[in-house]
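Input: a single structure, listed below in structure tokens.
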Amino acid sequence: MDPDFLNVFTQPAALNQLLAENVIAQGEKRRLIKPTSSNNPKLEELKLLLIDWINTTLKEEHIVVKSLEEDLYDGLVLHHLLENLGSLKLDVDKIALTEKKQRQKLTVILEAVAKCLQLEESQLKWSVESILTKDLLSTLHLLVAIAKHFEPKLAMPPNVQVETIIIENTSRGLKTANVVEYITENKENLEAQSKDDAFDELFSRAPDKLDAVKKVFLQFVNRHVGKLGVKVTDIESQLADGVILLLLIGQLEGYFLNLRDFFLTPASTTEMLHNVNLALDLLTDGGLLNFSVNSEDSGFFASGDEFGSYYCILPASLLLIHSGK
């Protein structure tokens, strides 16, 4: 057995219970919520919200769900839920008593979900087998996806995450890996992605608006670095060496930048890259840049093409958004 497996749980009893309740066949891989995450308050909040949502939706049909694991595995509740929310008519029996019938029913239901939500097989975080075996993580992923599609205004708690363990039964024994998994959207990543998407949209589909955006950034930059007796007239060329960007960060974030830490009059590309990378490091340390930019990327600052324009404006825009000015 993988030695790391023994360190996954805080109590040996939890490990024994997990192995007793989850028989993992040779070659099979299972993903389970660690016992230490089971009492996560945000996870409990999400479970209660989903139970209340299902019961409210199916109130007229006199269906009451008390446990997501125990009440959804056979497909009966999912069948009624999909018919109620999406007016989907599924060609399956309402009640499936045998495991074979339940598996057939779930296959039809989950295929309908994937088609309705337009999801590829590789995007699915659940399967017929995982739902049938009362896997809570898969059930939560399935219900969250259905709720987001049919009830987008449902106020699910954001950033619900759990510690999971992936267990694989190999010929050499149980192999494990620990992974933190998000069940609901990570708002911070979502907001950062939306900002990136906005800029990509601007450069690819609205180049005619680019000059107006540059003008706004130019006014913003001059409003702050002008206090130092500096005037910017061309945002791409004058931000390319990193000096103006460093001065802007210093003004907005209250940094004192020692002249020995950067090149005030850079004479080479290497010195320009040093300045730019220092500026990016300051943005990262300040929590304004939550994606990585390497030296090759920062080299675009010195270019005069479209990518250079993008990389020059992006840091200034992050500062503008952050300052609210």
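- The same ILVMFWY cluster, assembled from side-chain heavy atoms under 4.5 Å apart, contains both Leu228 and Leu278.
- Between the CG atom in Leu154 and the CG atom in Leu50 there is a gap of 7.0 Å [rounded to 0.5 Å].
- Atom NZ of residue Lys125 and atom CD of residue Glu181 lie 6.0 Å apart, to the nearest 0.5 angstrom.
- Under the 3.5 Å distance criterion, the side-chain polar atoms of His274 are matched with a main-chain donor or acceptor of Asp261.
- Residues Leu245 and Val276 are not in side-chain contact: their nearest non-hydrogen atoms beyond the backbone lie 4.5 Å or more apart.
- The two residues Pro157 and Leu49 come nearest to each other via the heavy atoms CD-CD1, 4.3 Å.
- In terms of modelled atom types and a separation under 3.5 Å, the side chain of Ser130 and the main chain of Asp135 share no donor-acceptor contact.
- Heavy atoms from other residues, nucleotides or ligands lying under 6.0 Å from CD of Glu121 number 12 at most.
- Panel note: side chain Asn84, backbone His80; no donor-acceptor pair is recorded below 3.5 Å.
- Of all heavy-atom pairs spanning Pro266 and Asp241, the tightest one is CG-CB, 3.6 Å.
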* To do: Show your reasoning for whether side-chain contact (heavy atoms from CB on, under 4.5 Å) applies to Glu111 and Lys115.
  => CA-CA 6 Å; Glu111 285 177 354; Lys115 183 177 180 180; over 6 Å; no

* Would you sort out whether Leu82 and Phe150 count as a side-chain contact (heavy atoms from CB on, under 4.5 Å), showing the intermediate values? => CA-CA 9 Å; Leu82 289 173; Phe150 291 106; 4.1 Å; yes

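- When side chains are defined from C-beta on, Leu68 counts as touching Ile54, because their heavy atoms get closer than 4.5 Å.
- Going from atom CG of Leu72 over to atom OG of Ser138 covers 12.5 Å, rounded to the nearest 0.5 Å.
- Although no hydrogens or angles enter the test, the distance criterion places a donor-acceptor pair under 3.5 Å between the side chain of Ser37 and the main chain of Glu163.
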* Asked: Step by step, would you call Val243 with Val230 a side-chain contact (heavy atoms from CB on, under 4.5 Å)?
  -> CA-CA 11 Å; Val243 176; Val230 177; over 6 Å; no

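- Residues Trp126 and Leu143 form no side-chain contact, since every pair of their non-hydrogen atoms from C-beta on lies 4.5 Å or further apart.
- Counting non-hydrogen atoms of other residues, nucleotides and ligands closer than 6.0 Å to NZ of Lys101 gives a total of 12 or fewer.
- Ion pairing between Arg103 and Glu99 holds under the 4.0 Å rule for side-chain N and carboxylate O.
- Residues Leu119 and Leu137 are members of one and the same hydrophobic cluster, defined by side-chain heavy-atom contacts under 4.5 angstrom among Ile, Leu, Val, Met, Phe, Trp and Tyr.
- Under the 4.5 Å side-chain heavy-atom criterion for grouping Ile, Leu, Val, Met, Phe, Trp and Tyr, Val179 is not connected to Tyr182 through any hydrophobic cluster.
- The backbone N or O of Val65 sits nowhere less than 3.5 Å from a side-chain atom of Asp71 that would complete a donor-acceptor pair.
- A 4.5 Å side-chain heavy-atom check between Lys231 and Asn222 finds at least one atom pair inside the cut-off.
- Leu46 has its side chain within reach of Val144: a pair of non-hydrogen atoms, C-beta onward, lies under 4.5 Å apart.
- Separation of atoms CG (Leu81) and OG1 (Thr57) is listed at 6.0 Å; rounding is to 0.5 Å.
- Proximity of Leu218 to Thr233: side-chain heavy atoms (C-beta onward) are nowhere separated by under 4.5 Å.
- Note that the CG atom of Leu48 and the CG atom of Leu43 stand 9.5 Å from one another [nearest 0.5 Å].
- Within the 4.5 Å cutoff, no side-chain heavy atoms of Leu85 are placed close to those of His149.
- You'll find the side chain of Val128 stays beyond 4.5 Å of the side chain of Ile109, heavy atoms only.
- A donor-acceptor pair is defined here as one N or O able to donate and one able to accept, closer than 3.5 Å; no such pair exists between the side chain of Glu61 and the backbone of Leu58.
- Residues Phe263 and Ile244 do not share a hydrophobic cluster, defined by chaining ILVMFWY side chains whose heavy atoms lie under 4.5 Å apart.
- Residues Glu44 and Lys47 are paired through a salt bridge, judged by an N-O separation under 4.0 Å between the basic side chain and the carboxylate.
- In this structure, the side chain of Thr184 engages the main chain of Asn159 through a donor-acceptor pair within 3.5 Å.
- Transitive grouping of hydrophobic side chains (ILVMFWY, heavy atoms separated by less than 4.5 Å) keeps Val64 and Ile51 in distinct clusters.
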* Val160 and Leu140: side-chain contact (heavy atoms from CB on, under 4.5 Å), yes or no, with the steps? -> CA-CA 11 Å; Val160 177; Leu140 287 170; over 6 Å; no

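- Note that CD1 of Ile131 is 11.0 Å distant from CD of Glu69, once rounded to the nearest 0.5 Å.
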